Amino acid sequence: ALAWFGLQRLPAMARNPDLRALSTAVYAVQVDGLPKRLADDRAQDYELELARHFEAVLQSMRGGDPHSLVCEAALVRDFGRGLAAAAERHEAEAALLKLAESATSRWDV
C-alpha cells in the first residue's frame, strides 16, 4: 500500500494544479530591456513610475479591472550574470523534474 501511494498517488497529486502551492512568483513579471542607467533626478521615482505604468496597462486591458493595483515594483540588476545563472539553473531543474514526471507517468496505471 505504501509503495502504491509513493509510486502512483503522490505523482498524480503533484500534477494536480489545484494542489500546488501559490507563491509570489505566480503573480510576478520580469521585464527586460529597461534602461541601464538613469539620470539621478529620475532614478528615485523610477520604481513608482513603473508601478503606475503597469497599473494603467492592467486597467486599460479589455476586461481589465479598473481597480487593478501594483503593490510593488522592484528593480533588480544582474551584475556579474549571477541572476541569469540562477535562472538557467532553475530552468534546468524544471526540465529535469518534467522529465522525471514523464518517466513516472509511464508507470501509472
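All values below come from the heavy atoms of this structure, side chains included, with hydrogens, waters and symmetry mates left out. Keep in mind that what you see is a predicted model, and the values were worked out from it rather than measured.
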TODO: Tell me, with the steps shown, if V31 and L50 meet side-chain contact (heavy atoms from CB on, under 4.5 Å).
DONE: CA-CA 10 Å; V31 179; L50 277 176; over 6 Å; no
Open item on the list: Would the distance check show the side chain of T104 and the main-chain N or O of A100 forming a donor-acceptor pair, the cut-off being under 3.5 Å?
Closed with: yes
Task: Minimum heavy-atom distance between Q59 and H67, given as atom pair plus value - done: NE2-C, 4.4 Å
TODO: List for me each residue that meets side chain to side chain contact (heavy atoms under 4.5 Å, CB included) alongside L48, sequence neighbours excluded, and say none if there are none.
DONE: R52
Open item on the list: Per the salt bridge (Lys or Arg N to Asp or Glu O under 4.0 Å) rule, what does the pair list look like for residues 82-95, sequence neighbours excluded?
Closed with: R81-E88, R89-E93
Open item on the list: Count I, L, V, M, F, W, Y as connected when their side-chain heavy atoms are under 4.5 Å apart, and connections chain through other members. Are M61 and V70 then in the same cluster?
Closed with: yes
Open item on the list: Rounded to the nearest 0.5 Å, what separates atom CD in E55 from atom CG in D65?
Closed with: 11.0 Å
